[in-house]
J.: 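Sharing a structure here in structure tokens format.
Just so it is clear: chains get the letters A, B, ... in the order the sequence lines come, proteins before strands, and each one is counted from 1.
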Protein chains: 2
Amino acid sequence: MITNKEKAMTPNLPAIGRLASEISRANVSSLVLVHGGGSFGHPIAKQYSIEDGYKDQSQMIGFSKTRQAMTKLNKLVVDSLIQHNIPAVTVQPSSCTITKQGRINLMEEKPLKKLLEMGFVPVLYGDAVLDSDIGFAILSGDQLVSSLATRLEAKRIIVGIDVDGLYTSDPKTDPKAQPIKHITLPELRKMQHKITDVRVTDVTRGMLGKMLELIPAAEKGIRVIIVNAAKPNNVYKALKDEMFVGTVIERGEAVV
Amino acid sequence: MITNKEKAMTPNLPAIGRLASEISRANVSSLVLVHGGGSFGHPIAKQYSIEDGYKDQSQMIGFSKTRQAMTKLNKLVVDSLIQHNIPAVTVQPSSCTITKQGRINLMEEKPLKKLLEMGFVPVLYGDAVLDSDIGFAILSGDQLVSSLATRLEAKRIIVGIDVDGLYTSDPKTDPKAQPIKHITLPELRKMQHKITDVRVTDVTRGMLGKMLELIPAAEKGIRVIIVNAAKPNNVYKALKDEMFVGTVIERGEAVV
């Protein structure tokens with residue numbers, strides 16, 4: 001969404017600006033923003049196999065470059081938010097987080113919590129982080145969102161993607177695919193196998209990964225809202241609790 | 001040094017590149033780099049009175065802008081280090097630090113320590129941070145250096161400035177001023193009043209502030225080396241323990 005995925009290190013500045021303007025207009029309180037790596041972080045991380053952990057010395061500079069690429073994208077995002085008069089403040093995930101086998105293990109969240117208390121809008125992102133077992137790892141924006149929402153006891157998670165939310169089947173191969181407006185966790189679990197089955201395409205694999213990360217947050221009663229952020233005003237509407245194009249995932253049952 | 005202090009938001013790219021090349025050639029292990037704000041952080045921080053703490057809503061966007069300006073300068077520094085093949089990695093101080101009345105009160109140092117263990121070169125900087133008492137504050141690079149050196153049990157601190165270290169009096173007003181090559185803490189304490197007396201000029205006030213921050217580290221037995229980083233090869237020589245133009249401060253007495 002915020003980068004051109006076909007071209008390395010190419011931001012989609014109009015999309016960043018439009019989303020910043022929607023967030024500014026919505027003017028909601030206690031907002032945390034998290035963005036992914038797009039064509040900034042992923043190609044370099046892949047080139048140096050950062051997601052596999054530390055194997056040899058040659059990856060060191062690749063880890064540095066991955067971090068730097070993410071800083072660059074984040075700077076563009078925060079610049080745009082500030083231009084839209086949002087008191088946005090970067091919180092670099094790798095400065096306050098250590099993973100274990102790729103899962104968040106340590107996170108110093110006090111600066112983040114204090115930023116929220118004061119009315120700032122913290123901005124985090126998928127990052128290359130240190131890992132207590134495998135040296136380093138990629139912490140995805142999705143894992144970060146889910147973990148932060150739980151730690152901060154968020155009411156809801158709004159996930160912006162570039163399709164109209166979840167479908168009953170893969171819309172790219174099945175002309176009968178229907179968008180899902182509302183789904184409960186038990187229903188989603190049944191569907192999960194279907195999503196797994198069609199994970200041949202990148203988009204679907206990405207979607208399955210997102211779902212698997214977000215389910216733990218939904219299980220805690222946090223409403224997960226998936227919107228097509230590529231369509232103007234959808235993020236604004238989701239923030240304002242108005243009707244939007246997308247999918248709402250709710251727990252749908254009491255946790256015993 | 002690394003910015004043009006006369007012109008807002010203007011980096012001194014040749015100086016940044018030269019210093020990166022000196023650090024790369026010296027190739028020392030267990031190195032942490034800290035840089036200041038120069039003409040990036042200071043003018044914006046001053047404009048919004050960030051150093052006075054939170055007074056009203058209008059400072060919010062100024063805090064965001066100060067953070068962003070420092071991110072921008074840091075990006076230029078780390079870009080240059082990576083170009084010189086140094087596995088440099090930014091650690092954003094404000095993501096892992098909270099001050100109390102402007103002094104470091106909480107610092108999550110595990111990611112930083114792990115970076116060092118793995119052979120990365122962490123790069124930190126003076127930053128606008130959250131403060132548990134006054135909302136927010138400026139954490140100077142000097143305070144950060146002194147605190148990190150103590151926490152990480154550093155052997156030495158090398159401080160790069162743009163004059164030839166400490167003088168017996170203010171070289172700008174006293175033609176008899178002599179550079180000091182070596183000084184002990186007891187001798188420095190005697191001199192401190194002199195530095196205070198002449199703190200009419202900006203440079204001297206900056207120097208006094210530096211000294212006051214660094215003394216606690218020197219008290220713990222950490223050698224403090226002040227070099228003229230504006231002169232080529234001085235930082236390289238200091239890193240390699242060769243003769244350099246500058247001042248060495250040593251404890252010079254046993255702490256009882």
J.: Report which part of A:D131 has an atom under 4.5 Å of a heavy atom belonging to chain B: side chain, backbone, both, or neither.
T.: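 Just the backbone, heavy atoms under 4.5 Å.
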
J.: Looking at B:S94, B:P122, B:S95, which makes the most heavy-atom pairs under 4.5 Å with chain A?
T.: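 Answer, by heavy-atom pair count under 4.5 Å with chain A: B:S95.
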
J.: Check each atom of A:I98 against the heavy atoms of chain B and say whether the ones under 4.5 Å are side chain, backbone, both or neither.
T.: side chain

J.: For chain A, which residues from residues 42-66 of chain B have at least one heavy atom closer than 4.5 Å to it?
T.: B:Y54, B:M60, B:I61, B:F63, B:S64, B:K65

J.: Taking B:A88, B:A128, B:P93 one by one, which has the highest count of heavy-atom pairs under 4.5 Å against chain A?
T.: B:A88

J.: Enumerate by number any residue of residues 14-41 of chain A whose heavy atoms lie under 4.5 Å from heavy atoms of chain B; in the absence of such residues, state 'none'.
T.: none

J.: So, taking the atom named NZ in A:K75 and the one named CG in B:N74, what distance separates them when rounded to the nearest 0.5 Å?
T.: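 It comes to 12.0 Å.
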
J.: Quick one: OG1 on A:T71 to NZ on B:K72, what's the gap to the nearest 0.5 Å?
T.: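 With rounding to 0.5 Å, OG1 (A:T71) is 15.0 Å from NZ (B:K72).
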
J.: Please confirm whether the backbone N or O of A:C96 pairs with a side-chain atom of B:E108, one donor and one acceptor, at under 3.5 Å?
T.: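 Side chain of B:E108 to backbone of A:C96: no pair is present.
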
J.: Between A:T90 and B:Q68, is any pair of side-chain heavy atoms under 4.5 Å apart?
T.: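 Heavy-atom side-chain distance check passes, below 4.5 Å.
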
J.: With sequence neighbours left out, write down each residue that passes side chain to side chain contact (heavy atoms under 4.5 Å, CB included) with A:K155, or none if nothing qualifies.
T.: none

J.: Which one wins on heavy-atom pair count under 4.5 Å against chain A: B:I86, B:L106, B:V129?
T.: B:L106

J.: At under 4.5 Å between heavy atoms, what parts of residues 110-121 of chain B are in contact with chain A? List them by residue number.
T.: B:K110, B:P111, B:K114, B:L115, B:M118, B:G119, B:F120

